[in-house]
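Below is one structure, written out as structure tokens, with a few remarks after it.
The chains referred to below are lettered A, B, ... by the order of the sequence lines, with proteins before strands, and numbering in each begins at 1. All values below come from the heavy atoms of this structure, side chains included, with hydrogens, waters and symmetry mates left out. What you see is a predicted model, and the numbers here were worked out from it, not measured in a lab.
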Amino acid sequence: MYDFPRESTRITDKLNPQQKEAVTYGDGPLLIFAGAGSGKTRVITNRIAWLVSRGVHPAEILAITFTNKAANEMKDRLETLLGMVAQRMWVGTFHSMLLRILRRHAEELGFTPNFTILDTDDQQTLLKQLMKSLRIDEKALSVREAQSFISRHKNQLHWPEDIPSGNWSKYLYYNELIELYRAYLRALKEQNSMDFDDILLYSVRLFDDFPEVLDIYRKRFRHLLVDEYQDTNHAQYRVIQQLSGFHKNLTVVGDDDQSIYSFRGANHENILNFEQDFPNCHIIKLEQNYRSTGTILEAANAVIANNQARKEKELWTANVKGEPIQFYRANDQYDEARWVAKEIKRLSTRRENPIAPQEIGIMYRVNALSRNIESALREEGIPYHIYGGVGFYERKEIRDILAYLRLLISEEDRLAFQRVVNTPRRGIGDVTIDRVMDHATAEGKSPLDIAGRASQYPDLAYAASRLQAFAHLIRDMRESMQKDAKSFPEFLRYVAEESGLIPFWETELAKGSLEAESRLQNLEELRSDALEFEARQEEDMRLLTELAERFGDDGMNRVLFEDRHGEVAEGLTLTALTGAFLENTSLYTSADEEEMGGAVSLLTVHSAKGLEFDAAFVVGMEEGIFPGFRSHNSKSEMEEERRLAYVAITRARKHLYLSSARARLLYGRSSYNPVSQFLAEIPGDYIEELGGSRFGDGEYLKEEAGYPGTSFVEKRQWDNPTSSVGQAGTGLSGAIAAKENPFAKKHRPNINKNTMKTKRNLQELAIGTKVRHKRFGEGVLLKIEKLSHDAILSIDFSGKIKHMTAGMAKLDIVDKE
DNA sequence: GAGGAAGCCATTTTT
DNA sequence: TGGCTTCCTC
């Protein structure tokens with residue numbers, strides 16, 4: 001067994017010299033190169049704690065992470081280190097932090113503070129509509145293409161008028177695209193919405209155009225810390241520059257070798273240019289790896305050394321050399337999948353040091369590769385969990401009800417109106433909806449306003465009564481929300497009932513629809529999310545009040561109070577809760593998914609970043625897949641693939657398994673792909689080959705190297721890696737897989753790590769059970785109200801009765817003895 | 001507006 | 001291959 005160091009409560013205790021230097025560095029720009037497994041998170045959190053111990057007020061700290069999950073983990077650690085004052089820091093993603101600021105200054109930008117956030121689907125719907133009205137043929141220019149054009153330019157901070165000309169050759173429809181972009185921005189503003197990219201775009205504009213606003217924040221945040229700096233895009237870079245411009249205390253942490261999101265606009269030049277961008281900066285390299293065996297680490301080093309565009313560094317470890325890496329050259333994808341499943345079975349059931357399923361990860365370059373693995377795992381009876389895929393909040397019924405909420409919060413939200421006006425069906429057809437929208441545009445009114453006065457419009461006569469009924473419905477709901485007499489989950493239930501969504505699915509259920517059953521369950525689950533959300537908000541509010549009382553007025557408390565709940569200083573009204581809930585759901589992504597206990601993880605290499613496994617499998621290590629065939633054209637793309645390989649390899653703590661298949665059926669075609677060139681880059685001492693050579697079956701000739709390491713004799717294969725050869729049988733369909741797999745994906749926001757523990761013990765819970773809560777101490781269970789997947793617990797903490805969801809609450813069962 | 005046939009398209013996706 | 005959208009028919 002290796003000595004994997006444990007958390008220390010003292011701030012600089014047990015840190016290596018570089019870590020210590022990073023934690024205790026004083027003022028000024030600081031760049032920390034943090035290699036894989038080098039204790040990065042610990043360094044950031046301890047640095048924050050150190051700053052606080054040196055007299056920096058917690059409210060003067062802004063820490064930016066890339067996922068909500070990472071932010072929550074950081075907050076938890078900070079709370080352990082610092083106690084409740086940690087509550088007063090701004091820790092979050094770019095989007096969540098900037099959203100707070102944007103809501104407060106929405107008017108400066110021509111929005112109102114209740115603006116809504118559009119997700120990718122909404123964006124596409126809107127673009128589609130605009131393309132239609134601009135008469136842009138979707139066959140000539142796909143919505144996807146248009147969307148990525150706009151997104152790319154927003155990330156570059158290009159407004160339509162800034163877009164440099166000269167890209168004519170690249171886009172056939174250059175003028176149309178710019179016109180579309182302009183129309184899109186206008187449409188968003190008209191309906192008081194922003195998309196994800198807008199959050200950054202408008203923040204930069206706010207700070208540029210209103211220096212007095214920028215001044216508030218850049219003076220306030222004495223220290224700014226940014227994680228995963230290698231994956232920032234240009235807009236994020238600008239925001240960092242703006243916010244750190246006054247105190248110049250900027251700490252960025254990252255690893256250029258792990259930059260894998262350039263397709264999303266991330267620019268790893270940001271980290272490479274940091275020294276020029278922020279003069280007088282100090283650089284620290286964390287090169288000791290605490291995660292992997294020597295073998296795994298050396299292999300990773302050897303692979304990444306083939307990249308040219310990188311900062312020179314060499315990770316080392318004091319860990320044992322460990323087992324050799326296993327490479328399996330399978331005959332086809334079934335063979336490969338079976339090998340993976342058998343090996344997992346062996347690892348998890350062996351007598352000595354068995355590896356728990358949750359400590360095993362299977363990674364692949366493309367999601368499509370998961371299917372064969374899934375069926376092999378099922379055959380072996382190995383529980384698994386697939387990350388990514390259709391998220392909870394992307395499900396139709398959930399989006400429907402959220403769209404109702406959006407409409408309640410912001411009447412201007414046209415997309416929400418269009419989504420729900422005839423959902424469930426109430427006899428309002430597409431033609432009618434179009435007419436309503438046209439009137440709304442012409443008069444500058446909300447579609448809801450038009451609907452409410454439908455009888456005044458001759459062309460709406462046919463559906464007038466139904467439109468007006470809908471407008472009434474929404475008005476009633478809004479009144480109910482403003483009356484503030486319901487709890488948040490009650491209100492959700494009410495909206496789901498009154499809108500007709502629940503009745504609709506219940507009718508379907510009565511007809512025997514299986515689909516309806518899961519839809520209803522999901523709606524129910526949303527309600528239990530809502531309950532937990534409300535409880536958490538109340539808890540936050542209570543904590544802040546307590547903080548204010550305890551610390552008195554140190555000039556920060558009022559600010560803090562407003563920070564946490566925006567303009568909600570009047571308290572947690574139903575309206576405020578609804579707005580906050582919407583925001584939470586729109587910023588929630590699959591990356592925030594909590595790890596699943598007791599199950600093997602299946603995930604793309606991208607989503608594995610930041611995770612680690614005792615045993616890691618990387619399947620589909622083939623030319624054309626990993627590296628992907630699209631990356632053959634450019635060196636920079638090939639280098640990104642190599643970084644991806646580096647990320648994959650460095651996920652492994654003790655065991656690393658790589659595999660490729662001679663023949664692979666993918667997308668309905670069979671192909672014979674050569675072994676990934678990255679395998680040839682791993683020195684022979686570290687690897688053990690099974691079923692064939694990692695140089696392939698003779699298809700390589702070293703001398704002809706066109707790419708670092710290897711090249712191909714069979715040029716044809718290279719050019720066309722998916723040349724059709726034959727057909728084979730098929731695996732189980734995804735739909736069936738999802739149904740049958742008891743561990744199938746289930747999204748829940750912000751689940752605490754103790755969740756599984758409490759959930760598992762749900763059966764053990766009975767009235768009278770003694771439980772312990774992190775904050776409230778010991779309590780006695782008074783009541784259990786069962787939900788579909790969860791239960792609401794009423795607990796008596798020495799007189800104070802609290803209600804919490806079993807799946808969420810940080811509860812331990814106190815032994816009855 | 002339901003249902004079925006036909007056509008399309010398929011890296012990666014931190015918000 | 002298969003999952004999704006779109007288009008057509010009744």
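- Comparing A/Ala368 and A/Asn422 against DNA chain B, the residue whose closest nucleotide sits nearer the 5' end is A/Asn422.
- Atom CZ of A/Phe66 and atom P of B/dT12 are 20 Å apart (whole Å).
- Distances shown here put a side-chain N or O of A/Thr604 below 4.0 Å from the OP1 or OP2 atom of B/dT13.
- Atom OH of A/Tyr261 and atom P of B/dT14 are 6 Å apart (whole Å).
- Taking atom OH of residue A/Tyr387 and atom P of nucleotide B/dT12, one finds them 18 Å apart after rounding to whole Å.
- Using a 4.0 Å cut-off, no side-chain N or O of A/Arg664 falls inside it from OP1 or OP2 of C/dT1.
- Looking at residues two or more places apart in sequence or on another chain, you find no salt bridge (charged side-chain N to carboxylate O under 4.0 Å, His left out) involving A/Arg466.
- Residues satisfying the salt bridge (charged side-chain N to carboxylate O under 4.0 Å, His left out) criterion with A/Asp400, sequence neighbours excluded, are A/Lys396, A/Arg419.
- For the side-chain contact (heavy atoms from CB on, under 4.5 Å) test, residues two or more places apart in sequence or in another chain that qualify with A/Asn233 are A/Asn155, A/Ala235, A/Gln236.
- When the C1' atom of B/dT14 is taken as reference, atom NE2 of A/His95 falls 9 Å away, rounded to whole Å.
- Taking the salt bridge (charged side-chain N to carboxylate O under 4.0 Å, His left out) definition, one finds that A/Lys128 meets it with nothing, sequence neighbours left out.
- As a whole-Å value, the separation of A/Arg642 CZ from B/dT11 C1' is 18 Å.
- In terms of the side-chain contact (heavy atoms from CB on, under 4.5 Å) criterion, residue partners of A/Asp227 (sequence neighbours excluded) are, by chain and number, A/Lys40, A/Ile44, A/Val253.
- With its glycosidic angle within 90° of 0, B/dT11 is assigned syn.
- One finds a side-chain N or O of A/Lys128 lying less than 4.0 angstrom from the OP1 or OP2 phosphate oxygen of C/dT6.
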ring-ring contact (aromatic ring centres under 6.0 Å, His included) between A/Trp159 and A/Tyr184, intermediate numbers included: CA-CA 11 Å; A/Trp159 295 80; A/Tyr184 177 71; over 10 Å; no

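- Heavy-atom distances to DNA chain B give each of A/Val366 and A/Gln230 a nearest nucleotide, and the one nearer the 5′ end belongs to A/Val366.
- Note: CZ (A/Arg669) to P (C/dG2) measures 15 Å, nearest angstrom.
- In this structure, CG of A/Asn367 is placed 17 Å from P of C/dG2, rounded to the nearest angstrom.
- Residue contacts shown for A/Ser607 are limited to sugar-phosphate atoms, with no base heavy atom under 4.0 Å away.
- Outside the 6.0 Å centre-distance limit, the rings of A/Phe392 and A/Tyr588 are not counted as a close aromatic pair.
- For A/Phe617, the ring pair (Phe, Tyr, Trp, His ring centres under 6.0 Å) partners two or more places apart in sequence, or in a different chain, are A/Tyr657.
- Residue side chain A/Phe263 meets the stacking definition with respect to B/dT12: its ring centre sits within less than 5.5 angstrom of the base's six-membered ring centre, and the planes differ by less than 30 degrees.
- Rounded to whole Å, atom P of B/dT13 lies 7 Å from atom NE2 of A/His606.
- Residues passing the side-chain contact (heavy atoms from CB on, under 4.5 Å) test with A/Phe504 are A/Pro424, A/Glu508, sequence neighbours excluded.
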Under 4.0 Å protein heavy-atom contacts per nucleotide of nucleotides 3-10 of chain B, with B for base, S for backbone only and - for none: -------B

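- Nearest nucleotide to the A/Arg371 side chain, out of B/dT12, C/dG2, B/dT14: C/dG2.
- Within the structure, a side-chain polar atom (N or O) of A/Arg425 is placed less than 4.0 Å from OP1 or OP2 of B/dG1.
- At B/dT14, none of the side-chain N or O atoms of A/Asn68 fall inside 4.0 Å of OP1 or OP2 (strictly under the cut-off).
- A/Arg662 forms no cation-pi arrangement with A/Tyr672, by the criterion of a distance under 6.0 Å to the ring centre and an angle within 45° of the ring axis.
- Against DNA chain B, the stretch residues 231-243 of chain A makes heavy-atom approaches under 4.0 Å through A/Asp231.
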